[in-house]
Amino acid sequence: MRAELSKAYDPSEVEARLYAWWEHRQLFDADTTNEGEPFAVMLPLPNVTGSLHLGHALDHSIQDAVIRRARMMGYNALWQPGTDHAGIATQNVVERELAKEGLSRHDLGREAFVERVWQWREASGETILRQMRRLGASCDWRRSVFTLDDHYVEAVRLTFCTLYEQGLIYRGYRLINWCPRDMSAISDIEVDHTEERGELVFIRYPAADGGDGVVVATTRAETMLGDTAVAVHPDDERYRHLVGSTVVLPLLDREIPVIADDHVDPAFGTGAVKVTPAHDPNDYEIGRRHDLETIDVMTDEARININGGPYAGLDRFEARERVKADLDQRGLLVRVEERTHSVGHCSRCHTVVEPRLSDQWFVAVRPLAERAAQAVRDGRTNFVPARNAKGFLDWLDNLHDWCISRQLWWGHRIPAWYTEDGEILVLREDPTPEEVEARGLRQDPDVLDTWFSSALWPFTTLGWPEQTPDLQTWYPTSVLVTGYDINTFWVSRMMMAGLHLLDEVPFHTVLNHGLVRDRNGKKMSKSFGNVIDPLDLIDEYGADALRYALLRAAAPGNDVPLAEEWVKGARHFANKLWNAGRFVLSQLPVDSDLSVDVDGLELQPEDRWILSRLEAARAAADEAYACYDMARAAQTLYHFMWDEFCDWYLELVKQRDDTAMTSVLVTVLDVGLRLLHPIMPFVTEELWRTLHGGGEVTLVRAQWPQAAPQRRDTAAEAQLEALIQAVTALRRFRADHGLQPAARVDVLAVPLDGRRDVLEAGVDAISRLTGVGSWRFIDRADDVDAHPVGKVVTASAELFVPLAGLVDLDEERGRLERELAKAAAEVKRAEAKLSNEGFVAKAPTDVVQAEREKVADWRDAIEKLQAQLDELA
RNA sequence: GGGCGAUUAGCUCAGGGGGAGAGCGCUUCCUUGACACGGAAGAGGCCAGAGGUUCAAAUCCUCUAUCGCCCACCA
């Protein structure tokens with residue numbers, strides 16, 4: 001027995017029940033012993049601090065569609081979930097919690113603070129994974145991994161040690177990006193640059209011998225405190241006489257040399273530049289080339305330090321103003337120009353970043369980046385869309401060494417110890433207390449960049465460094481789905497780590513999607529107030545509706561605009577499917593046999609038509625899925641199910657009651673639900689299970705529809721198009737004449753060649769769909785015996801409708817005249833084309849022939865319309 | 001400064017060398033037995049601009065404009 005379905009689809013009840021059932025049945029669990037080719041998708045590990053936002057909802061909807069289809073296709077499909085400890089982000093969250101209690105992490109001390117973060121994670125850390133279930137995500141939850149799990153920590157440590165031993169990780173005193181609020185180094189890509197208004201300050205540095213010296217220009221006047229040279233271009237005639245001489249650094253009265261360096265642009269500012277090797281990347285390079293002294297003038301908090309003399313203790317921006325004022329007072333501030341320039345901000349907290357010399361750990365990325373780039377160039381890893389590979393390669397080709405140490409407490413501790421005499425020991429195993437005691441060892445206090453550990457995600461989740469069956473089965477993984485904004489942060493690092501450590505790419509395909517934006521294409525952000533919570537949308541419209549609304553716009557690489565009413569529209573589609581399902585179920589005899597082979601039955605033209613259209617939709621949707629074009633798959637299936645199946649086929653067969661019809665209904669619904677399941681898992685599963693009698697059956701592991709080319713039937717498609725045109729034309733006739741719904745029209749039909757059969761077969765349906773009172777076939781237009789008469793010309797027939805008592809004859813004349821004008825315009829257009837000698841000579845013959853036929857057809861139509869008009873006159 | 005993308009119906013977007021498409025919105029009509037979360041019929045676009053290639057350009061090429069995004073050591 002099949003269950004009764006409610007009149008309207010109720011997502012909340014269905015979703016909660018089905019998800020619990022799926023999980024209970026362990027339908028998402030992947031096992032190496034399962035049959036099928038391995039297929040793996042790694043969830044882009046969400047931050048443990050995160051809660052589900054629309055960006056996740058898009059990302060997860062795409063992945064779920066990919067993995068569900070793979071599962072149905074018989075792959076041994078694994079979707080690996082987990083969370084990232086997310087160093088700075090999580091530490092900040094817990095520090096804010098502490099601040100409410102009036103405490104800082106320093107009040108607790110390192111050990112207690114880290115313990116506190118763990119407690120926080122236990123309590124509220126993985127909400128996002130729970131929220132993913134609301135969306136229908138079919139991850140193998142048993143396998144969930146956290147990047148600070150013991151095993152993961154060991155893998156990270158092994159990686160660090162290996163790279164160190166290979167000379168690919170080193171400790172260096174270098175210029176890095178320093179965030180004075182987070183009090184940590186950050187890597188280049190964690191710095192966001194914004195254009196800001198600022199000042200270009202011109203300062204005179206007098207010559208040591210009492211001469212005028214030079215004027216330099218700077219946007220950061222306070223950095224002059226750390227200047228150790230002035231540089232000019234070697235070919236600059238204006239300054240050639242000064243090269244090698246000495247000028248006096250104002251305010252601190254330090255003598256510094258004037259040097260010549262190619263880097264200086266003579267056209268910028270005065271053509272002379274102050275050189276601060278400790279606080280500017282360019283100056284740092286100049287300093288290295290000329291062996292200049294480096295003077296760090298700032299503290300960790302970005303205040304001026306002791307090297308800044310009288311300015312020590314001032315915040316850098318206060319110092320900037322004071323320096324300018326003091327220079328002005330001494331007559332050394334030549335002028336100040338307004339200027340917009342690019343300022344780097346910490347991507348995490350937006351504090352202005354300070355370039356600063358510091359002892360940090362670095363990865364020598366060159367050899368790693370080359371392998372990653374080569375893998376993309378070889379096609380071992382492909383980007384979808386392909387254009388995204390270019391930016392990725394450009395970035396890899398110009399990569400600087402990666403600063404991986406962070407001055408934080410939450411994260412993977414760097415396994416390095418320092419002896420009292422400064423020797424560095426990088427150890428695979430912690431030293432014993434005795435060793436620590438004996439050599440006075442002190443562990444490096446820093447932790448690793450979060451991305452260093454997430455670089456290992458595709459294989460450490462599978463058991464690496466052990467050669468586990470999981471690793472052997474699913475590595476390399478299949479598709480990595482992520483926003484293009486993460487390609488540099490994460491994708492590149494996984495590529496480098498995977499190729500270096502396992503000698504294989506971590507994934508064959510990188511599927512990029514865009515950002516979710518609001519209806520106006522604006523980025524969603526709290527400050528704009530246009531953020532929508534996906535859970536609210538799910539509550540209101542259902543998970544399937546949200547998924548459909550996101551995926552129908554998710555062409556690879558493109559941003560996805562979303563507005564609430566679009567989700568609402570998607571809910572209508574879910575409801576449409578639901579009711580189509582209800583209708584099909586209502587037509588089935590109780591306990592009917594669903595295994596009837598529809599292709600072996602005696603089928604009506606509309607049956608062959610819808611099966612042909614089904615096969616066309618299947619092929620198109622499947623191809624779209626295969627290219628990861630979820631938007632095209634979604635829209636193809638929407639149109640098939642709604643416009644063709646519901647609007648035409650269901651309407652056409654309502655009066656029928658035969659096995660062919662019920663079998664076709666079941667077949668189309670069954671296949672349609674399978675095809676839509678990756679996009680709308682809940683409503684499809686509920687209907688499909690009901691259709692198949694419930695119990696243990698599930699669409700989650702049902703077979704993906706196979707190609708059925710024998711169902712393509714162009715003759716049936718042409719026939720049904722003719723019928724549809726007849727219906728549409730009669731409906732339009734009624735609308736044009738403002739006929740009441742109850743008014744019946746009588747039809748005299750002259751079928752065109754080869755169309756009589758389909759019209760005869762469809763008379764009942766046409767009549768029902770267009771309010772026909774009586775229908776009679778006649779052989780020739782001359783046989784029409786009722787006058788005046790209106791005529792409807794279609795591709796399958798000329799239909800005559802006696803007008804007496806039905807319509808206003810003046811209006812009918814007007815209508816005919818409009819149609820005549822339209823037909824004349826068509827003839828004119830086609831004839832113009834045909835009168836072009838080039839067209840006739842060079843265009844393909846079938847194109848020319850088609851154009852000639854159009855002219856003939858429209859001429860014919862004009863003739864007949866004119867006859868009509870004459871009759872009414 | 002370099003790169004990439006976009007510019008098509010009121011809005012958001014597909015399409016792509018031979019008669020302009022979808023969803024939503026809008027207009028009119030319809031509570032017809034799956035669905036008013038529905039049905040039917042419509043209105044609405046010189047496909048950003050200028051050149052070029054072609055028998056034929058919304059579509060290919062070049063340039064321009066505007067917008068967006070990435071990258072860059074723009075003192």
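Labels below follow one simple rule: chain letters A, B, ... track the order of the sequence lines, proteins then strands, and each chain is numbered from 1.
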Please produce a list of atom pairs where a protein N or O lies less than 3.5 Å from an N or O of nucleotides 31-34 of chain B.
residue : atom : partner  : partner atom : Å
B:A34   : OP1  : A:Lys654 : NZ           : 3.1
B:A34   : O2'  : A:Asn579 : OD1          : 2.5
B:A34   : O2'  : A:Arg582 : NH1          : 2.9
B:A34   : N7   : A:Lys654 : NZ           : 3.1
B:A34   : N6   : A:Cys646 : O            : 3.3
B:A34   : N6   : A:Glu651 : OE2          : 3.2
B:A34   : N3   : A:Asn579 : O            : 3.1
B:A34   : N3   : A:Ala580 : N            : 3.3

Review item, nucleotides 9-15 of chain B N/O atoms under 3.5 Å of protein N/O:
residue : atom : partner  : partner atom : Å
B:A14   : OP1  : A:Asn558 : ND2          : 2.4

Check nucleotides 42-45 of chain B for protein N or O atoms closer than 3.5 Å to its own N or O atoms and list the pairs.
residue : atom : partner  : partner atom : Å
B:G42   : OP1  : A:Arg732 : NE           : 3.0
B:G42   : OP1  : A:Arg732 : NH1          : 2.9

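Two residues, A:Ala267 and A:Tyr9, neighbour RNA chain B, and the one matched to the more 5' nucleotide by heavy-atom proximity is A:Tyr9. Where A:Tyr484 and A:Glu837 each meet RNA chain B at their nearest nucleotide, the meeting point lying more 5' is that of A:Glu837.
Comparing B:G45 with B:C63, their P atoms are spaced 33 Å from each other, to the whole Å. If you take atom C1' in B:U53 and the same atom in B:A6, they sit 24 Å apart, rounded to whole Å. Across B:C47 and B:C55, the matching P atoms stand 23 Å from one another, rounded to whole Å. Nucleotides B:U12 and B:G25 have their C1' atoms positioned 11 Å apart, rounded to a whole Å. As rounded to the nearest Å, B:G5 and B:A75 have C1' atoms that lie 32 Å from one another. The P atoms of B:C60 and B:U7 are separated by 11 Å, rounded to the nearest whole Å. Of the P atoms belonging to B:U8 and B:C67, the separation is 15 Å, rounded to the nearest Å. Nucleotides B:G44 and B:A9, compared at atom C1', are 6 Å apart to the nearest Å.
Distance A:Ile724 CD1 to B:A40 P: 11 Å, rounded to the nearest Å. B:G39 atom P lies 10 Å from atom CG of A:Asn575, rounded to whole Å. Rounded to an integer number of Å, the gap from A:Asp485 CG to B:C69 P is 13 Å. Summarising the geometry, the separation between CG on A:Leu687 and P on B:C35 is reported as 15 Å, rounded to the nearest angstrom. In this structure, A:Glu195 places its CD atom 12 Å from C1' of B:A72, rounding to the nearest Å. We find that CG of A:Leu5 is positioned 19 Å from P of B:C37, with the value rounded to whole Å. What separates OH of A:Tyr548 from P of B:C24 is a distance of 10 Å, to the nearest Å. For the pair A:Lys833 NZ and B:C55 C1', the computed distance is 10 Å after rounding to whole Å.
Of the listed nucleotides (B:G38, B:C24, B:C55), B:C55 has the atom at the smallest distance from the side chain of A:Asn836. Here B:C55 is the nucleotide among B:C74, B:C55, B:C35 with the atom lying nearest to any side-chain atom of A:Lys842.
In this view, A:Val273 and A:Ala231, A:Val264 satisfy the side-chain contact (heavy atoms from CB on, under 4.5 Å) rule, not counting sequence neighbours. Applying the side-chain contact (heavy atoms from CB on, under 4.5 Å) test to A:Asp192 and every residue at least two apart in sequence or in another chain returns A:Ser347. Taking A:Glu13 as the reference, A:Asp10, A:Arg17 meet the side-chain contact (heavy atoms from CB on, under 4.5 Å) condition, with sequence neighbours excluded. With sequence neighbours excluded, the residues that form a ring pair (Phe, Tyr, Trp, His ring centres under 6.0 Å) with A:Trp578 are A:Tyr9. By the ring pair (Phe, Tyr, Trp, His ring centres under 6.0 Å) test, A:Phe573 is found to be paired with A:Tyr548, A:Tyr638, residues two or more places apart in sequence or in another chain being considered.
Applying the salt bridge (Lys or Arg N to Asp or Glu O under 4.0 Å) test to pairs two or more places apart or on separate chains, those with a residue in residues 262-274 of chain A are A:Asp227-A:Lys274. For residues 550-564 of chain A, the set of pairs meeting the salt bridge (Lys or Arg N to Asp or Glu O under 4.0 Å) definition, not counting sequence neighbours, comprises A:Arg517-A:Asp559.
Between A:Tyr649 and A:Phe645, the ring planes lie parallel to each other; the angle is under 30°, not in the 30° to 60° tilted range.
Checked against A:Asp283 for a side chain to side chain contact (heavy atoms under 4.5 Å, CB included), the options A:Leu175, A:Val275, A:Leu292 give a single hit: A:Val275.
Considering only side-chain N and O atoms, A:Trp642 lies under 4.0 angstrom from the phosphate OP1 or OP2 of B:G39.
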(message) Pair A:Met680, A:Arg547 - check side chain to side chain contact (heavy atoms under 4.5 Å, CB included), show working.
(response) CA-CA 7 Å; A:Met680 308 179 85; A:Arg547 293 169 61 121; 5.8 Å; no
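By the 6.0 Å contact criterion, CZ on A:Arg238 is enclosed, its count of non-hydrogen atoms from other residues, nucleotides or ligands being greater than 12. Taking a 6.0 Å sphere around NZ of A:Lys324, one finds it holds more than 12 heavy atoms contributed by other residues, nucleotides or ligands. The environment of A:Glu837 atom CD is sparse: at most 12 non-hydrogen atoms of other residues, nucleotides or ligands sit within 6.0 angstrom. Atom CG of A:Asn520 is surrounded by more than 12 heavy atoms from other residues, nucleotides or ligands within 6.0 Å.
The residue A:His193 sits apart from the nucleic acid: no heavy atom pair falls under 4.0 Å. Among the atoms of the strands shown, only primed sugar atoms or phosphate atoms (P, OP1, OP2) are found under 4.0 Å from some heavy atom of A:Arg339. A:Ala272 comes within 4.0 angstrom of a base, heavy atoms only. Contact annotation for A:Glu564: no contact, since no heavy-atom pair falls under 4.0 Å across all strands.
A:Arg289 is listed as a side-chain neighbour of A:Asp261, based on a closest heavy-atom distance under 4.5 Å.
Scanning residues 387-400 of chain A for heavy-atom distances under 4.0 Å to RNA chain B yields A:Arg387, A:Lys390, A:His400.
For the pair A:Tyr625 and A:Leu676, the tightest heavy-atom approach, listed with the atom from each and the gap, is OH-CA, 4.4 Å. Scanning both residues, A:Thr294 and A:Pro277, for their nearest heavy atoms gives CG2-CB, 3.6 Å.
For RNA chain B, the stems formed by at least three consecutive Watson-Crick or G-U pairs, with both atom-pair distances below 3.5 Å, span B:1-7 with B:65-71, B:10-13 with B:21-24, B:26-30 with B:38-42, B:48-52 with B:60-64.
With A:Asn177 contributing its side chain and A:Val353 its backbone, the two residues share no donor-acceptor pair below 3.5 Å.
With hydrogens and angles ignored, no donor-acceptor pair under 3.5 angstrom links the side chain of A:Gln740 to the base of B:C30.
Using a cutoff of 4.0 Å between basic side-chain nitrogens and carboxylate oxygens, A:Arg571 and A:Glu540 are not scored as salt-bridged.
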